[in-house]
There are 2 protein chains.
Amino acid sequence: MRYLLVEDNQELAEAVLRRLAMDGHAVDHAASLEAAKDCLAAADYDLILLDVMLPDGDGREFLAQSRKRLDVPVIMLTARSQVSDRVGALDQGADDYITKPFDFSELEARCRAVLRRRGGSAKNEIALGPALFDPLSGTLRRGETKVDLRSRESRLLEVFALNPGQILSKGQLMDRLFTFDSAVTENAIEVYIGRLRKRIEGMGFQIETVRGLGYRIEAQSP
Amino acid sequence: MRYLLVEDNQELAEAVLRRLAMDGHAVDHAASLEAAKDCLAAADYDLILLDVMLPDGDGREFLAQSRKRLDVPVIMLTARSQVSDRVGALDQGADDYITKPFDFSELEARCRAVLRRRGGSAKNEIALGPALFDPLSGTLRRGETKVDLRSRESRLLEVFALNPGQILSKGQLMDRLFTFDSAVTENAIEVYIGRLRKRIEGMGFQIETVRGLGYRIEAQSP
DNA sequence: CGGACTGTGTCAGGTTTATGTCAGCTTACT
DNA sequence: AGTAAGCTGACATAAACCTGACACAGTCCG
């Protein structure tokens, strides 16, 4: 997938770029509307991440104009205070919006959601042993049994599901679950592992601790 | 592989250099950011080990700047006390971090992990007779049988696996397993050899004692 | 607006586990 | 047989991990 990120905050932009690159996407970065136009002229994108406040104009106007020519999904990045930003963002042609500060995992989830909506119904469920996990809705299903996960639990499980068999350290999990400026304890991961374990009981797979290294998902042993 | 170590503590730097050299890597050493820049201009590296606190600046800033131009994996070396060091290290562009003081074997393991992640996901398993050993997850497999090793056991086995047929003295093994400033008895090695032997029973290879000299790994005799 | 509810993250105390030492034993070599 | 080297079961310890309880902030709903 090829993304275009339009964002003038350098620090934030780099963090987002890195993260999306880790997921295997090619991401171009434009720090202004001017630069964004150049990028759009030069390449085809699958998704645009568009900040509202930009040095040379308002992202919404840009969106309104581009919509006539483009048919690319757009996710708006808005500041929390700018409530009015949200209102109308969707009207203006955005496919979704996300308020800053956001978790990277949430951004990833929204990107997937939007792309899925657009690109037809590519199934987005992940098989976990005999169970099926839908990270978008946060539901886990095995036959008749269905479990709803909370947002954090869902993201956590998603990270495991995307790295089956691999050991993930608490540090890695933290970086995947939390914003870079939020200072949470590693203990939070332990707590969530515990909560998640309770929920996935009887689903045919389990999270196993690898002492000193991290955690790993595995199909039920016995 | 060619590494660049950016670290101002002379003693630590030399120890790391020696160790990595033993693994057959070429390692350059820069004691400051200034020197690091010169090195980067002069050569291409496969991996950078970057201390956070340096006499002429913060390693993280350096990293943030370099990221634009470089695409080399970076492992940050942070002090345990400096919690803030760790926070965001990965977001700032590091591929991994390791807190001082660290065991050399852990450093090696992380280097391998990062390089592997970067260089595609080639499996990193080592053949030991009829068995396969994955030093990253610490699992040993022979056909259907799977054994999980503990961290120290895993590192110990790794040393043997990388030096097949060679006799390794207890001193050498200690150097490879423990931090240079930690004072452990040679008996500890004996104990671990014993534990490891128990675990690898039936895996088709064995650790044999060479009285007065050390130990050696060999395929099962009969 | 206030109270009930929910999702989150922290904390403190309890539990488990890896690790290294020790003491006494076995083995190999002279 | 004597001696040094190696082995091993038992143990203390500290670190890693788990978990019940709680505090806090949103959100919902009357």
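Only this structure's heavy atoms are used, side chains among them; waters, hydrogens and symmetry mates stay out. Quick note on labels: first sequence line is chain A, next is B, and so on, each numbered from 1.
Atom-to-atom, CE of Met174(A) to C1' of dG9(C) comes out at 11 Å; the value is rounded to the nearest Å. Rounded to whole angstrom, the span from the NZ atom of Lys170(B) across to the C1' atom of dG20(C) amounts to 15 Å. Between Leu156(A) atom CG and dG7(C) atom C1' there is a gap of 15 Å when expressed in whole angstrom units. Distance Leu213(A) CG to dA18(C) P: 11 Å, rounded to the nearest Å. Per the geometry, CZ belonging to Arg152(B) stands 11 Å off P belonging to dT21(C), to the nearest Å. Atom OH in Tyr192(A) sits roughly 16 Å away from atom P in dC18(D) (whole-Å rounding). One atom, CD of Glu208(A), and another, P of dC18(D), lie 11 Å apart when rounded to the nearest Å. Computed from coordinates, the Ile167(B) CD1 to dG6(D) P distance equals 12 Å when rounded to whole Å.
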Contact list (N/O, under 3.5 angstrom) for nucleotides 25-30 of chain C vs protein:
{"from": "dT27(C)", "atom 1": "O2", "to": "Arg211(B)", "atom 2": "NH2", "distance (Å)": "3.1"}

Check: protein-nucleotides 7-10 of chain D nitrogen or oxygen pairs below 3.5 Å:
{"from": "dC7(D)", "atom 1": "OP1", "to": "Arg197(B)", "atom 2": "NH1", "distance (Å)": "2.8"}
{"from": "dC7(D)", "atom 1": "OP1", "to": "Thr209(B)", "atom 2": "OG1", "distance (Å)": "2.7"}
{"from": "dC7(D)", "atom 1": "OP2", "to": "Tyr215(B)", "atom 2": "OH", "distance (Å)": "2.6"}
{"from": "dT8(D)", "atom 1": "O4", "to": "Asn187(B)", "atom 2": "ND2", "distance (Å)": "3.2"}
{"from": "dG9(D)", "atom 1": "OP2", "to": "Lys198(B)", "atom 2": "NZ", "distance (Å)": "2.9"}

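Under a 4.0 Å N-O distance rule, the pair Arg150(A)/Glu153(A) qualifies as a salt bridge. Salt bridge absent: Glu201(B) and Arg195(B) never bring a charged side-chain N and a carboxylate O closer than 4.0 Å.
Taking the side chain as every heavy atom from C-beta outward, Cys111(A) and Leu49(A) approach each other to under 4.5 Å. In this structure, Phe133(A) and Leu149(A) have side chains that are in contact, with non-hydrogen atoms separated by less than 4.5 Å. Side chains of Ile217(A) and Leu157(A) form a contact here, defined as non-hydrogen atoms less than 4.5 Å apart. Considering only heavy atoms from C-beta on, Ile75(B) stays 4.5 Å or farther from Leu50(B) through its side chain. Put simply, the side chain of Arg197(B) reaches to within 4.5 Å of the side chain of Tyr215(B), judged on heavy atoms.
Note on Arg150(B): a side-chain N or O is less than 4.0 Å away from OP1 or OP2 of dA18(C).
Under the 3.5 Å distance criterion, with hydrogens and angles disregarded, no donor-acceptor pair is assigned to the side chains of Gln172(B) and Asp175(B).
A donor-acceptor contact shorter than 3.5 Å is absent between the side chain of His29(B) and the backbone of Leu4(B).
Mapping Ala188(B) and Ser151(A) onto DNA chain C by nearest heavy atom places Ser151(A) closer to the 5' end of the strand. Remark on DNA chain C: of its neighbouring residues Thr185(A) and Arg199(A), the 5'-side contact belongs to Arg199(A), judged by nearest-heavy-atom nucleotide.
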